[in-house]
Amino acid sequence: MKGKILKGSIIAIILIMFLVSSVSAENKANDEKVLTLSKGGLVIKYPSDWGVSQAKSNYSIMSISKLDSIDSAGVGQVNINFEKKPIEGDFHTFVNSTYNSMQYDSSFKLVSSGESVIGDRQAVEYIYTSNQSGVEREHKAVWFEKGGQAYVLLYSAPLNQFEQNLYVFDYILSDIQIT
């Protein structure tokens, strides 16, 4: 009799654990919906724990931020900004001049730069840090040219949040559509 009760209890516990894990997996899947945003010749997909936010740049065509990082002004502290600027002269000279001017500002430090690819387009990548108003941030910028315009996708986050959220930027780069 004790054996049947013990066996029944074990089966019940296993069944309860299975149901709990199924509900947890379903909730996690619901939390990880992918959203789409299209603007300014770009179509991106991003996770649902990110959303549209305000940008500080006049050249911004769209901006998304981690929802829990958006401040009262609507600006995300962990964000990805998409900008489009008219090119003045050669593309590489135009992009490099942006970072050359940073070398004279001690609040910016270039970490790396080099060639990259977005879809089928050649791109230029810069990684740098900044210290503005006492907040240290890391940035990853990927530039490409289309139709006489320079596009830049700029991911920015406080140093202690940069690596843990970088996967969103990398996902967007791997799936971006340039129309």
Side-chain angles (χ1 to χ4, degrees), residues 35-118 121-146 148-176 178:
L35 304 174
T36 302
L37 183 61
S38 176
K39 199 167 181 186
L42 303 176
V43 179
I44 63 164
K45 293 182 181 172
Y46 60 95
S48 61
D49 61 339
W50 286 62
V52 175
S53 60
Q54 296 297 316
K56 295 179 183 179
S57 169
N58 293 332
Y59 295 103
S60 181
I61 54 176
M62 63 181 158
S63 184
I64 63 170
S65 298
K66 190 165 186 186
L67 290 175
D68 64 4
S69 80
I70 298 175
D71 63 21
S72 60
V75 177
Q77 301 308 303
V78 177
N79 71 330
I80 303 171
N81 194 35
F82 304 83
E83 297 181 14
K84 179 169 69 170
K85 300 177 180 183
I87 296 174
E88 299 166 8
D90 174 68
F91 171 73
H92 282 75
T93 303
F94 175 74
V95 172
N96 291 331
S97 68
T98 301
Y99 298 95
N100 288 340
S101 63
M102 285 182 179
Q103 69 184 337
Y104 302 108
D105 186 341
S106 63
S107 64
F108 291 92
K109 292 185 176 63
L110 183 62
V111 174
S112 67
S113 64
E115 298 295 316
S116 185
V117 175
I118 297 179
R121 296 181 186 270
Q122 291 297 102
V124 180
E125 177 182 290
Y126 281 87
I127 299 175
Y128 59 97
T129 61
S130 68
N131 187 332
Q132 297 170 333
S133 305
V135 178
E136 284 194 74
R137 302 177 64 77
E138 190 164 354
H139 313 270
K140 183 175 182 179
V142 179
W143 295 77
F144 67 92
E145 180 181 9
K146 177 187 172 234
Q149 302 282 314
Y151 286 76
V152 61
L153 287 60
L154 176 62
Y155 166 58
S156 181
L159 282 178
N160 64 345
Q161 296 178 48
F162 185 84
E163 286 297 325
Q164 72 190 41
N165 294 290
L166 181 60
Y167 76 96
V168 174
F169 184 71
D170 290 340
Y171 171 74
I172 289 170
L173 287 176
S174 73
D175 193 55
I176 194 166
I178 304 164

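Atom set for the values below is all heavy atoms of this structure, side chains included, hydrogens, waters and symmetry mates excluded.
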### Query
Can you tell me how far the CE atom of M62 sits from the CG atom of N81, to the nearest 0.5 Å?
9.5 Å
### Derivation and outcome, side-chain contact (heavy atoms from CB on, under 4.5 Å), residues I64 and I172
CA-CA 11 Å; I64 63 170; I172 289 170; 3.6 Å; yes
### Among N165, N79, I80, the one residue meeting side chain to side chain contact (heavy atoms under 4.5 Å, CB included) with S65
N79
### Task
Please report the closest heavy-atom contact between Q132 and F108, naming both atoms and the distance.
NE2-CZ, 3.4 Å
### Task
Let me see the working for V124 and H92 under side-chain contact (heavy atoms from CB on, under 4.5 Å), right down to the final yes or no.
CA-CA 8 Å; V124 180; H92 282 75; 3.7 Å; yes
### Task
Nearest 0.5 Å please: distance from the CD1 atom of I127 over to the NZ atom of K140.
5.0 Å
### Task
Could you check if a side-chain atom of V95 sits within less than 4.5 angstrom of a side-chain atom of Y126, using non-hydrogen atoms only?
yes
### Query
Do any N or O atoms from the side chain of S63 and from the backbone of A55 form a donor-acceptor pair under 3.5 angstrom?
no
### Task
Could you grab the distance from atom CZ of R137 to atom OG of S107, nearest 0.5 Å is fine?
12.5 Å
### Task
Determine the minimum heavy-atom distance between V43 and S38, stating which atoms define it.
CG2-OG, 3.5 Å
#### Entry: Nearest-0.5 Å distance that lies between atom CD in E145 and atom CG in D90
8.0 Å
### Query
Tell me, do Q77 and D71 make a side-chain contact under 4.5 Å, heavy atoms counted?
yes
### Task
Please examine the side chains of V117 and Q122, heavy atoms only from C-beta on, and report whether any two atoms are closer than 4.5 Å.
yes
## Note on the structure
Taken to the nearest 0.5 Å, the spacing of Q54 CD from I70 CD1 works out to 9.0 Å
### Query
If you look at every heavy atom in A123 and I118, which pair is closest and at what distance?
CB-CG1, 4.1 Å
### Message
Taking the side chain as everything from C-beta on, heavy atoms only, tell me whether S156 gets closer than 4.5 Å to F169.
### Response
no
### Task
State, with a plain yes or no, whether a side-chain heavy atom of E136 is found less than 4.5 Å away from one of T129.
no
### Message
Run the side-chain contact (heavy atoms from CB on, under 4.5 Å) test on K85 and W143 for me, step by step, so that the C-alpha distance in whole Å, both residues' side-chain angles and the decisive distance to 0.1 Å come before the verdict.
### Response
CA-CA 11 Å; K85 300 177 180 183; W143 295 77; 4.1 Å; yes
### Query
Within a reach of under 6.0 Å around CD of Q103, are more than 12 heavy atoms found that belong to other residues, nucleotides or ligands?
yes
### Test log, rule side-chain contact (heavy atoms from CB on, under 4.5 Å), inputs V52 and Y46
CA-CA 10 Å; V52 175; Y46 60 95; 4.2 Å; yes
### Query
Would a distance-only check, ignoring hydrogens and angles, find a side-chain to backbone donor-acceptor pair under 3.5 Å from Q164 to Q161?
no
#### Entry: Aromatic plane relationship, Y128 with H139 - under 30° parallel, 30 to 60° tilted, over 60° perpendicular
parallel
### Summary
Shortest non-hydrogen pair, V78 vs P158, comes out as CG2-CD, 4.0 Å
### Message
Other residues, nucleotides and ligands only: do more than 12 of their heavy atoms fall within 6.0 Å of CG on N58?
### Response
no
### Query
Got a sec: does the OH of Y59 have more than 12 other heavy atoms crowding it under 6.0 Å?
no
### Query
How many angstroms lie between NZ in K39 and CZ in F82, if you round to the nearest 0.5 Å?
11.5 Å
### Message
If you define the side chain from C-beta out and look only at heavy atoms, does anything of L173 sit under 4.5 Å from Y155?
### Response
no
### Task
Give the minimum heavy-atom separation between F144 and L42, together with the two atoms involved.
CZ-CD2, 3.9 Å
